[in-house]
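Scroll down for the structure; my scribbles are underneath it.
Small disclaimer: the values here were computed from a predicted structure and weren't measured.
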Amino acid sequence: MTNKLLAGLAAFASLGAGPALAAQPVDWQMGLQPAATEIMTQIRGFETYTLWFIVPITLFVLALLVYVMIKFRASANPVPSRTSHNSLIEVVWTLGPVVLLLAIAIPSFNLLTAQYSPPPVDMTVKATGYQWYWGYEYQTENELSFDSLMLQEGDRAGYAKEDLAVYPRLLAVDNELVVPVGKTVRLLVTAADVLHAFAMPAFGVKMDAVPGRLNETWFKADIEGLYYGQCSELCGKDHAYMPIAVRVVSQDQFDAWLAAAADDVSAANRNLMAAIAADAESVAVAANDQN
């Protein structure tokens, strides 16, 4: 049993270490993407909480409509009631919504407070929306900037991104935004031409990119992996081809990537992908040895 448990833990760790963990839309998906940040965990919890109110209210209203249509139809009720008001009903339908709104408002205010109260910032990245791609600037000691464009199908081999499960069509990019796991990233969002919006569902982040204005948001990814989002503001004819990809890696991998990216971003990305694949393979080997 111990060996099986260790093997399971090692296999789970390999998902976090390798590129297999990629948060992206899936076929027939009805819920939100898995949470990769504490904020998104709270958002998912708040969604579940509100459903406990929405579903009963919807069913109750539906039952009332059916009851009214059957009981008060013309054939069953030829002489309609002339009742103009009912004090008890009026009190209930006034106080009931107030109580429900308070029950929803209090946790929503707590969530908003968490979203707009970031912990101490570890690094700052500026994201600029263009028609139709994103530009990133790392505001570190040695500033780094590069563009991130949607990966063209004919360029997959050159970027070693042939795996459609990890690098899906219309979502994969040539250069991902790379950040370290467990670090608070302040994101400054703006645009160079028209309105855009930076949206990363797994992080619980959505911020408008407005020309001439810097909007600020933040995230702290708790799980290594590759995460996908898109521009969420209608910004022109190629709006649908403006994906966002964020690769979350260990601190050591990020430091090595940042140093190499100062000279060649493409080469740094290839080295990073190789390092991630090597780590995943070593974890898989360890899991097999435990068996």
Side-chain angles (χ1 to χ4, degrees), residues 22-37 39-40 42-44 46-47 50-51 54 104 108 111-112 114-116 118 124-139 145-156 159 161 164-179 185-219 221 225-248:
Q24 57 182 277
V26 297
D27 292 341
W28 302 103
Q29 183 174 8
M30 297 182 64
L32 301 175
Q33 290 187 16
T37 66
I39 291 297
M40 189 58 191
Q42 294 183 40
I43 292 174
R44 289 175 60 91
F46 182 69
E47 179 208 22
T50 55
L51 285 177
I54 295 172
I104 295 174
S108 71
L111 176 57
L112 284 172
Q115 287 179 306
Y116 289 97
T124 300
V125 178
K126 180 182 177 183
T128 304
Y130 300 93
Q131 291 181 307
W132 286 268
Y133 60 95
W134 291 93
Y136 300 116
E137 299 177 29
Y138 287 74
Q139 299 184 3
S145 62
F146 57 86
D147 294 331
S148 179
L149 287 78
M150 186 181 73
L151 183 65
Q152 302 299 316
E153 292 303 299
D155 296 335
R156 285 185 174 274
Y159 287 96
K161 296 179 178 180
L164 288 173
V166 180
Y167 303 102
R169 178 177 175 271
L170 303 182
L171 285 177
V173 300
D174 53 0
N175 299 313
E176 294 89 5
L177 173 65
V178 181
V179 297
V185 179
R186 176 171 56 191
L187 192 66
L188 304 178
V189 183
T190 188
D193 34 50
V194 299
L195 290 175
H196 300 280
F198 188 98
M200 183 55 59
F203 295 173
V205 168
K206 184 178 184 296
M207 181 58 67
D208 287 341
V210 183
R213 175 175 176 176
L214 278 178
N215 287 332
E216 180 179 331
T217 186
W218 67 279
F219 62 85
L226 186 55
Y227 302 91
Y228 293 105
Q230 290 177 298
C231 173
S232 295
E233 183 72 43
L234 189 59
C235 57
K237 71 178 184 69
D238 285 342
H239 162 68
Y241 309 109
M242 194 173 170
I244 302 167
V246 179
R247 190 186 292 275
V248 182

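- With values rounded to the nearest 0.5 angstrom, Asp238 atom CG is found 12.5 Å from Tyr133 atom OH.
- Tyr228 approaches Val166 most closely through the heavy-atom pair OH-O, 2.6 Å.
- Residue Gln115 holds its CD atom at 8.0 Å from OG1 of Thr217, rounded to the nearest 0.5 Å.
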Derivation and outcome, side-chain contact (heavy atoms from CB on, under 4.5 Å), residues Arg156 and Leu164: CA-CA 10 Å; Arg156 285 185 174 274; Leu164 288 173; 3.2 Å; yes
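- For the atom pair CG (Leu171) and CG (Leu226), the distance works out to 10.0 Å, reported to the nearest 0.5 Å.
- Between the side chain of Thr190 and the main chain of Arg213, a donor-acceptor pair closer than 3.5 Å is present.
- Taking each heavy atom of Gly135 and Asp147 in turn, the nearest pair found is CA-OD1, 3.7 Å.
- The CZ atom of Phe46 lies 15.0 Å from the CZ atom of Arg44; values are rounded to the nearest 0.5 Å.
- A distance of 12.0 Å separates OG in Ser108 from CD1 in Ile43, rounded to the nearest 0.5 Å.
- Checking side-chain atoms of Tyr138 against main-chain N and O of Val178 turns up a donor-acceptor pair under 3.5 Å.
- The CD atom of Gln152 lies 10.0 Å from the CZ atom of Arg169; values are rounded to the nearest 0.5 Å.
- In this structure a side-chain-to-backbone donor-acceptor pair under 3.5 Å is present from Gln24 to Ala165.
- A donor-acceptor pair under 3.5 Å is absent between the side-chain atoms of Trp132 and the main chain of Leu149, judged by distance alone.
- When all heavy atoms are compared, the tightest approach of Tyr130 to Trp134 is CD1-C, 4.4 Å.
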side-chain contact (heavy atoms from CB on, under 4.5 Å) assessment of Ile244 paired with Tyr136: CA-CA 11 Å; Ile244 302 167; Tyr136 300 116; 3.6 Å; yes
side-chain contact (heavy atoms from CB on, under 4.5 Å) between Leu177 and Val125, worked out: CA-CA 9 Å; Leu177 173 65; Val125 178; 3.8 Å; yes
Distance-only donor-acceptor hits, side chain of residues 193-207, under 3.5 Å, sequence neighbours excluded:
{"from": "Asp193", "atom 1": "OD1", "to": "His196", "atom 2": "NE2", "distance (Å)": "2.8"}
{"from": "Asp193", "atom 1": "OD2", "to": "Gln131", "atom 2": "N", "distance (Å)": "2.9"}

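- Proximity of a side-chain donor or acceptor of Arg186 to a complementary backbone N or O of Pro118 within less than 3.5 Å is not detected.
- For the pair Met242 and Cys235, the tightest heavy-atom approach, listed with the atom from each and the gap, is SD-SG, 3.9 Å.
- Taking each heavy atom of Phe146 and Glu176 in turn, the nearest pair found is CZ-O, 3.5 Å.
- In this structure, the side chain of Lys161 engages the main chain of Val173 through a donor-acceptor pair within 3.5 Å.
- Taking each heavy atom of Leu170 and Met150 in turn, the nearest pair found is CA-SD, 3.7 Å.
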